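This report refers to the structure that appears directly beneath it.
The chains referred to below are lettered A, B, ... by the order of the sequence lines, with proteins before strands, and numbering in each begins at 1. As the structure is a computational prediction, the values presented were derived from the model and not from experiment.
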Amino acid sequence: MFASLAPASLPGPSGPTCGAPSDGAPSDGARTGGVWADGLDDAQAAVAAHGDGPLVVLAGAGTGKTRALVARVAHLLSRGVPPERVLLLTFTRRAAEEMLWRASQLAGLDGRRRPFGGTFHAVAHRIVSAHSEVLGLPKGFGVLTPGEGADLMEIMRADFELSGTRTRAPRSATLVEVYSRCVNTRRPLSDVLAGDYPWCRPHQEAVGELFRAYTARKRAQGLLDYDDLLLYWDALLGDPAVGRHLSEAYEHVLVDEYQDLNPLQAEIVCRLAPRGRGLTVVGDEAQAVYGFRGASARHLREAVLGFPGALALRLERNFRSRQQVLDVANALRPGEAAASVTLYADRGPGQRPLLVRCADAVAEARALVDNVLAAHEAGERLNDQAVLVRASHHSDLIELELSARGVPYRKYGGLRFLETAHVKDFIAAGRLLSNPHDELSWYRLLRLHDGVGPTRARRLVAHAMAATDALEDWPSMVASADPPVRGPLSSTLALLAQARTCAAPGPAAEALVATLAPLIALRYPGQPTRTKDLQRLAGSARTATDLRSWLAELALDPPESTGDLAGPPVLDEDYVVISTIHSAKGLEWGTVHVPHMVDGFMPIDMALGSAEGVEEEQRLLYVAVTRARDRLYLYTPLRMHYHRRALDDRHGFAPESRFLTDDVRRLFEVHETGRGPLGPGAVTTEPGHRVAVDLDHLWC
DNA sequence: GGTAACTGGGTTTTT
DNA sequence: CCCAGTTACC
């Protein structure tokens, strides 16, 4: 019951349109001026028809920016710009594909000649792959998933005195964060530690050495992590011999969600489009929610000011939401950004948003599901209703309540497919087929066997590293193992060696599943589901050209649920969507429910340490609110049953979210629901009034 | 020596 | 629910 932005939730040639962005089409007066301009309003048309100078589009939520961008691409194509000279960088790969597909349709191109586009990382992968030789990379380098990067960090941590418990040492997850932040913000380790991880500073030297070793090891094994992809792309662009050629390959570069760019990505863009020539950037400062990943809306502001002759256009007419929803959004819009874009509705006033006050989280779940079902009764498909949460576990009780009352739902975000143990095992095994010197994968695969713990795994890995091809020569590998583990090991390795002889990726992947299934059955609970997951995954390998590139694609664009692999969606399947607010970006629903409007949850306690943290939380709420077309529900439980006390003590919280100021609250209709903390029928009395209780009359 | 099984403490957001 | 530390077994 987990999922993420499934293809079904995006518009396209097929599938339901739930959660899909509305078209952003003006409701009045279609325009003339070429097929690309059909149905655009003036502001959108100006975006589409702009020439070659730098263009910055400040596009509020729901203002039809996708439509404008699609029209712009179509306009460029119809003007004679060859498709392959247009590059579109977006936040998700699906957004890119959808936009490029629509643009090619609009421009009347056949599907085979399409502009190039995708996420920064996906595009980086394509470009780095094409230039692996000059970068000194093996031809088929592997792409490390973030989880694998953390595993590698974890293994190496011990060697750098960072795993003891004498003093608090950074965990592998923290190390990965720090590493990534250094790369993406282009700041030295000392800076990042001092600014963002002060408690790690005593370990600075060890961390630095660990990072050096981590880099060296990746390089030695032909592995690139997400950060490396950007770093290598940037290096190519900065190279005197290749750089110019690479950036001149594109006449036009369009970048979506520019407020979420980090410094490394911003540098890449600058190198792709020197002085902003042929550059279009689209963004909304009020929707900047990736500060934790090193992103900064500074780049959007600098784009407006920094490129010579840049034209800034605003999209403020909102085609998605009713005015009363937008009133809330405008009230929540952080101060500085409020000056730049104020939304007004194209669709009339609509219903007043509802603020639902409940006793606690249990009552909240009950009230929320009541409202979901009431809306459903009134004709709103479950598909067109979403529960948007700050952190994945905030929906725990709601999920329970939905299940108990038989309401189907799908959860997006949260635990990711690629992070589940059995999928990691599968990927490790797959990697070994093409690279028998992949230490990390060996380690993972070996640990899967009964009787193989850290020590034996290490010894066996050492053997594999010393061998020319440990998979080819698996009998000697088995011979080097301790007697008790030889049996299971030899059967796995024999099967694996055999899997390698499969020429096509499909059969190879299936052979891998067959090899792993028994091991996984022994190791983890929930066997049938896990094997089915892997079989589905293997099924998707059939269309790939080779196993290695299939694995790299998988690392970059993972199916976020088994649902993604299940084939075309069933049309009448109707379910409520539960999503993190981050994953909900760019989507919309008729009805949006936002639970846990309590300080410590929204805003989340982790973010309260700094003013910037709180501001980002506010923008996140802004994003959540602007997902709603017609009905918006915010829920404030008055008591949270866990760790409220600790939070109160530390931060002196008000009971409800600090974002529900009087100005914001005024925009809502307030509902009290269920029993308050005082129980039903509680009476407020004059101070000093006492009720007499006769405890003795029975004993007279 | 090495691994498995048990127990207790902490849990954001994602390309 | 996942990770680290502890203890009990081979």
*Answer yes or no: is there an ion pair linking R390(A) with D605(A), defined by an N-O contact shorter than 4.0 Å?*
no
Roughly how many Å is it from [atom1] in [X] to [atom2] in [N], rounded to a whole number?
X: R459(A); N: dG1(B); atom1: CZ; atom2: P; result: 11 Å
X: E612(A); N: dT13(B); atom1: CD; atom2: C1'; result: 17 Å
X: L388(A); N: dT13(B); atom1: CG; atom2: C1'; result: 13 Å
X: L231(A); N: dT15(B); atom1: CG; atom2: P; result: 20 Å
X: H449(A); N: dT3(B); atom1: NE2; atom2: P; result: 14 Å
X: Q618(A); N: dT13(B); atom1: CD; atom2: C1'; result: 17 Å
X: R447(A); N: dT3(B); atom1: CZ; atom2: P; result: 7 Å
X: H121(A); N: dT15(B); atom1: NE2; atom2: C1'; result: 5 Å

So what does [X] hit on the nucleic acid, given a heavy-atom distance under 4.0 Å: a base, only sugar-phosphate, or nothing?
X: P454(A); value: sugar-phosphate
X: D482(A); value: nothing
X: R456(A); value: sugar-phosphate
X: Y290(A); value: sugar-phosphate
X: R458(A); value: nothing

*asked:* Are the side chains of Q287(A) and R333(A) in contact, using a 4.5 Å heavy-atom criterion?
replied: no
*Student check: side-chain heavy atoms of W589(A) and L388(A) closer than 4.5 Å*: yes
*Specify the closest pair of heavy atoms between R486(A) and A481(A), including all atoms of both residues, with the distance to one decimal.*
NE-O, 2.9 Å
*P146(A) side chain: which of dT15(B), dT14(B), dA4(C) is closest?*
dT15(B)
_Shortest side-chain distance from D450(A), nucleotide among dT14(B), dA4(B), dA4(C)_ = dA4(B)
[X] side-chain N/O to [N] phosphate OP1/OP2 under 4.0 Å:
X: T580(A); N: dT14(B); result: yes
X: S583(A); N: dT14(B); result: yes
X: T455(A); N: dT3(B); result: yes

*Has F292(A) got its ring stacked on dT13(B), by the test of a centre gap below 5.5 Å and a plane angle below 30°?*
yes
*Want to settle it: does R523(A) or F120(A) sit nearer the 5' end of DNA chain B, counting the closest nucleotide to each?*
R523(A)
_Toward the 5' end of DNA chain B, by each residue's nearest nucleotide, V289(A) or V452(A)_ = V452(A)
*Quick one: sort the F211(A) and Y179(A) rings into parallel, tilted or perpendicular, breaks at 30° and 60°.*
perpendicular
_Worked verdict on Y635(A) versus H596(A) for ring-ring contact (aromatic ring centres under 6.0 Å, His included)_ = CA-CA 6 Å; Y635(A) 298 81; H596(A) 278 36; 9.8 Å; no
